[in-house]
There are 2 protein chains.
Amino acid sequence: MPDALTATDDVHHVDDSALRAFFGYRMKRSFNVIQADLALALKPFELRMLTFTALTLVVSNPGLRQSQLAEAMDVERPNLVTIVEELVRRDLISKERVPTDRRAYSLQATRQGRMLCAEATMAVTAHEEALLGGLGEEIRAGAIEAMNRIEQGRQRD
Amino acid sequence: MPDALTATDDVHHVDDSALRAFFGYRMKRSFNVIQADLALALKPFELRMLTFTALTLVVSNPGLRQSQLAEAMDVERPNLVTIVEELVRRDLISKERVPTDRRAYSLQATRQGRMLCAEATMAVTAHEEALLGGLGEEIRAGAIEAMNRIEQGRQRD
DNA sequence: TATTGTTATACTCTATAACTATA
DNA sequence: TATAGTTATAGAGTATAACAATA
């Protein structure tokens, strides 16, 4: 029990108002909640956010190359290697050499991969609906719009 | 230039619409942008997000104990040790034994720590204003409201 | 027995340089 | 020479178990 203090010291709960003035602070805290919930939703499928993201992109884009996948995921190429390895090892995707460019690999989801992706997608959708369903349409739309603009505002410099 | 491909293969840009259906995916991407900008704003002060957060909380809550700081930051106690160490080493905060409980340490910001915190706060504020200023008041308010509710786990409407 | 701060450890995510085999 | 994928490596951030000192 963390509220067991009594006499000598004030238990005034910590003042973080100075931090709450920052968008980034609030976002980190709420992102932690979202991510924990997402991890929970993906756990039954033995997927992490990164492997789920990669699998979904390969399912949606048959024949995708690793370099394209890395760029789409905003991940450095070396960090994608183990992710792809894991998905191949579990027979969720397959790698084939591209005939016209033997340096490259073309990624395809297997039938098993497409099925797992569909199931995981439903689970994640249900989890997010449970977590965000009570938000209200206009609040949710505002949040999504804000996130879109923030993400797109990155390119200028 | 990533659009240098021509004849043989389609360069159809990757379809991530299946992922964009997820709040968590959008949030991760936009959080990455926010965090990168925050790191840039804090770099001149040699602060990271975690050290800035800890410093600000100690400034706002003189006498705070490490366990309280850890709880406020949503960080496990062992992971706070190096953060506090770094701030103490740089003479931004000080640790004193609590007389009434000699297990605990009481954290205080030094004058130097308060000054650096104030400067860093201004820099972060300016950075966020530059990054988010074009959002529009109602969109921004919607995003903040959404993040607040997500963090609190509230589904009320 | 429980708690504060600490050590040790491990796992995930991320970032960079350098290698290989192709082009 | 440049690119695709890989290896090796290093740094953050995070999580748990176990310990010493103290309550």
Side-chain angles (χ1 to χ4, degrees), chain A residues 1-9 11 28-29 31-33 35-36 38-40 42-43 46-54 63-88 93 95-107, chain B residues 1-9 11 28-29 31-33 35-36 38-39 42-43 46-54 63-71 73-88 93 95-107:
Chain A
M1 278 63 184
D3 55 348
L5 295 184
T6 44
T8 52
D9 267 323
V11 192
K28 181 181 184 180
R29 296 186 72 95
F31 178 61
N32 283 348
V33 175
Q35 194 173 32
L38 187 55
L40 209 65
L42 291 174
K43 199 173 184 184
E46 294 182 271
L47 290 170
R48 295 163 287 140
M49 188 165 184
L50 283 170
T51 50
F52 174 64
T53 303
L64 199 66
R65 299 186 190 182
Q66 280 192 210
S67 55
Q68 294 175 305
L69 180 55
E71 192 188 351
M73 289 178 67
D74 263 325
V75 163
E76 297 301 319
R77 264 70 84 218
N79 297 326
L80 194 61
V81 173
T82 57
I83 295 169
V84 168
E85 252 175 13
E86 182 179 335
L87 294 175
V88 169
I93 69 175
K95 282 168 67 172
E96 291 174 25
R97 286 222 119 99
V98 176
T100 57
D101 185 346
R102 289 181 41 76
R103 295 172 299 182
Y105 285 96
S106 155
L107 305 176
Chain B
M1 277 60 182
D3 55 349
L5 296 183
T6 43
T8 53
D9 270 322
V11 193
K28 181 182 184 178
R29 295 185 73 95
F31 178 61
N32 283 348
V33 175
Q35 193 174 31
L38 188 54
L42 291 174
K43 198 173 184 184
E46 293 182 272
L47 289 170
R48 294 164 289 140
M49 189 165 183
L50 282 170
T51 50
F52 174 64
T53 303
L64 199 66
R65 300 186 189 180
Q66 281 192 207
S67 55
Q68 295 176 305
L69 180 56
E71 192 188 351
M73 289 178 67
D74 263 325
V75 164
E76 297 300 320
R77 264 70 83 218
N79 297 326
L80 195 61
V81 173
T82 56
I83 295 170
V84 168
E85 252 176 12
E86 181 180 333
L87 294 174
V88 168
I93 69 174
K95 281 169 66 172
E96 292 174 25
R97 285 221 119 98
V98 176
T100 57
D101 184 347
R102 289 179 42 76
R103 295 172 300 182
Y105 285 96
S106 154
L107 304 177

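Note that the coordinates shown come from a computational prediction; the quantities given were computed from them, not determined experimentally. Throughout, a chain's letter reflects where its sequence line sits, starting with A, and its residues are numbered from 1.
Using a 4.5 Å heavy-atom cutoff, the side chains of B:Arg65 and B:Asp101 are in contact.
Using a 4.0 Å heavy-atom cutoff across all strands shown, B:Asn79 reaches at least one base atom of the nucleic acid. Nucleic acid contact class of B:Leu50 (heavy atoms, under 4.0 Å, all strands): sugar-phosphate only. Using a 4.0 Å heavy-atom cutoff across all strands shown, B:Arg77 reaches at least one base atom of the nucleic acid.
Distances shorter than 4.0 Å separate none of the side-chain N or O atoms of B:Lys95 from OP1 or OP2 on C:dT4. The phosphate of D:dA4 (OP1 or OP2) has no side-chain N or O of A:Gln68 nearer than 4.0 angstrom. Here A:Ser67 does not reach the OP1 or OP2 of D:dT3: none of its side-chain N or O atoms lies under 4.0 Å away.
With rounding to whole Å, A:Ile93 atom CD1 is found 14 Å from D:dG5 atom C1'. Here the C1' atom of nucleotide C:dC11 and the CD atom of A:Glu86 are 13 Å apart, to the nearest Å. At whole-Å resolution of the value, CG in B:Leu47 and P in D:dG13 are 12 Å apart. Distance CZ (B:Phe31) to C1' (C:dC13): 13 Å, rounded to an integer number of Å. Rounded to an integer number of Å, the gap from B:Leu80 CG to C:dG5 C1' is 10 Å. Here the C1' atom of nucleotide C:dT3 and the CD atom of B:Glu71 are 14 Å apart, to the nearest Å. The distance from atom CZ of B:Arg97 to atom C1' of D:dA23 is 13 Å, rounded to the nearest whole Å. At whole-Å resolution of the value, CZ in A:Arg65 and P in D:dG5 are 7 Å apart.
Across the interface with DNA chain D, nearest-nucleotide mapping of B:Asp74 and A:Tyr105 shows A:Tyr105 to be the residue nearer the 5′ end. For the pair A:Glu76 and A:Arg102, nearest-nucleotide mapping onto DNA chain C gives the more 5' position to A:Glu76.
Taken to the nearest 0.5 Å, the CG atom of B:Leu50 stands 10.5 Å off from the CG atom of B:Leu42. Atom CD1 of A:Ile83 is separated from atom CD of A:Gln66 by 10.0 Å, given to the nearest 0.5 angstrom.
For B:Arg103, taking side-chain heavy atoms from C-beta onward, the closest of the listed nucleotides C:dC13, C:dT3, D:dG5 is C:dT3. Comparing atom distances between the A:Lys28 side chain and each of D:dT7, D:dT14, C:dT12 picks out D:dT14 as nearest. Closest to the side chain of A:Ala104, out of D:dA4, D:dA23, C:dT12, is D:dA4.
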_What verdict does the side chain to side chain contact (heavy atoms under 4.5 Å, CB included) test give for A:Val33 and A:Arg29, after you've listed the backbone C-alpha separation in whole Å, the side-chain angles of each residue and the deciding distance to 0.1 Å?_
CA-CA 7 Å; A:Val33 175; A:Arg29 296 186 72 95; over 6 Å; no
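Judged purely by atom type and a 3.5 angstrom limit, B:Arg97 uses its side chain to pair as donor or acceptor with the backbone of B:Arg102.
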